[in-house]
Amino acid sequence: MIQKFLYLEWKAFFRSASFATNLALKILMGFVAIYFILIFLALGVGAFYILKKMNLDPIVTVNQFLIYYVLMDLIIRLLLQKIPVMNIRPMLIFPIKKSTIVHFSLGKTVLSFFNLVHCFFLIPFCVVLIIEGYDVVSVMLWYTAIFSLLFTNNFLNILLSNKDNLFAIFLALAAILGGLHYYGLFNITEFTAPFFNAIFNTYWAFAIPVLVLIVLYYITFQYFKKNLYLDAGLSNKHDEAKTEELTWLNQFGTIGTFLKNDIKLIKRNKRSKTTVGLSVMFLFYGFLFFTNGIEAYNNPIMHIFAGIFVSGGFLITFGQFVPSWDSAYYQLMMTQNIPYKGYLSSKWWLMVIATIVTTTIASFYLYFGWQVYLTIVVGAIYNIGVNSHLVLLGGAYTKTPIDLSSGKGAFGDKKAFNVKTMLISLPQLGLPVLLYWAGSTLAGANVGLAIVASAGVIGFAFKDKVFTLIEKIYKSEKYATIAAYKQKG
């Protein structure tokens, strides 16, 4: 039966309406996977000798920080890992055991890249430990325990996939623990390192993560088996209805009407809430650049890159999916007498307001000096004048229907990748860096910032003409967009 399921999955892939896109994306993702595999391999082989050179015990040091490794793995899964699913309704009318269907569906998650990539760090690291004379049994039991914890994250992600805001909660937890550790206020590793050391130094402690994994798999299995029936998810859900008039926006006419819809969409749906959470993450992106935490980023030219991200988190994460946010009712909207310019202007104003608010909140970067905050302000000006137009232009070609009830895929989607959107995205980050480099090389950092800000002001000055051009493109892509939103394959 498992072979039959694999055969059906293979047929589904090749018969998919987006087969060519899927194949191209898998090839591209293959190169990305190879890149990360090489990084993990290098870490797995080199970590032991690097730590030895620093006069540190490799296994003790790795055990000390494993809590952060496991926690960050869970955070990344909650953000990026999609849950493999089957179309189970046709299966349920055949004499196939429910347990077989559930076991197969859960088994698909085991082969996820998010699980396999850890092999390329843990296996080489364990091999080096054995070569260097560590006890073979201890190394194998330690490996079994750590991988059990990582697979526990896999099934936790499945159980928690429908819970809102967990990604932000776990991220905040990791940030708080890391910050307290860095400043010496509280060291979580003092409590977790003895457990991981016990896994390596005893022959019984490894059983704890293994038993946790078995119990969690059983719980996950029973949960899905219990809910595996034809009308699952079809029963009416009775939620408390809340109305929000937002009448103060009526004074802005058509734009105000669209803004009300966008605000309600953001507040009521999981995907949009996840996007807002991501934009908050971008707000702290500047710490990588302005604190000299990473040597490669300790470059004034790269600071303008950070300024774009810090001030434009919402613009980047929300704007790239215009008009996909409205994909569920886009066909109905296109049958109404709705001016495209008013629709696009509402999205533009939403991104501009968010950029201004984000830039204001980012004033805490003044701690690093006026020059740093000035860089963020200049990035905001460029975002408002140039990038806001570019993301709207790219949206005309994205054509990615969005499931508002799911928080997955907030960074992007396979159909969002195409040559046109890639070419449009290049000026978003590359052009301001190039302008700043040219100005700072010729006359100094302030001149570089002035040139980037001038580009934003010029873009804002030509807003109406640019919107006219974007409106024409949206009209020309109208029926292709409607067809794409109808596509279920």
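All values below were derived from every heavy atom in this structure, side-chain atoms included, with hydrogens, water molecules and symmetry-related copies excluded. The structure presented is a predicted model; accordingly, all values stated were derived computationally and were not measured.
Side-chain atoms of S311 and N383 include a donor-acceptor pair closer than 3.5 Å.
Partners of L434 according to the side chain to side chain contact (heavy atoms under 4.5 Å, CB included) rule, which considers only residues two or more places apart in sequence or in another chain, are W437. Checked against ring pair (Phe, Tyr, Trp, His ring centres under 6.0 Å), F186 has the following partners two or more places apart in sequence or in another chain: F191. In this structure, the side chain to side chain contact (heavy atoms under 4.5 Å, CB included) partners of I123, at least two apart in sequence or on a different chain, are C119, V127, Y143. Take V117 and apply the side chain to side chain contact (heavy atoms under 4.5 Å, CB included) test, not counting sequence neighbours, and it matches F40, F113. Taking I130 as the reference, V136, V139 meet the side chain to side chain contact (heavy atoms under 4.5 Å, CB included) condition, with sequence neighbours excluded. The ring pair (Phe, Tyr, Trp, His ring centres under 6.0 Å) check on Y367 picks up nothing, with sequence neighbours excluded. Here F196 pairs with nothing under the ring pair (Phe, Tyr, Trp, His ring centres under 6.0 Å) rule; sequence neighbours left out.
Annotation: the span from L141 atom CG to I199 atom CD1 amounts to 10.0 Å, rounded to 0.5 Å. Taking CG of L435 as the start and CG of L449 as the end, the distance is 11.5 Å to the nearest 0.5 Å.
Applying the side-chain hydrogen bond (donor to acceptor under 3.5 Å, both in side chains) test to residues at least two apart or on different chains, the pairs with a partner in residues 193-221 are N63-N197, H103-Y217, D135-Y203.
A perpendicular orientation is assigned to the rings of F200 and Y134, their planes being inclined by more than 60° (bins at 30° and 60°). Ring orientation note: the planes of F151 and F147 are tilted relative to one another, at an angle of 30° to 60°.
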Extract all donor-acceptor atom pairs below 3.5 Å that involve side chains of residues 368-376 and protein atoms in other chains or at least two apart in sequence.
from: Q371; atom 1: NE2; to: N446; atom 2: OD1; distance (Å): 3.3
from: Y373; atom 1: OH; to: T359; atom 2: O; distance (Å): 2.9
from: T375; atom 1: OG1; to: Q371; atom 2: O; distance (Å): 2.8

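Contact of the F48 side chain with the K53 side chain is not registered, since no non-hydrogen atoms from C-beta on lie closer than 4.5 Å.
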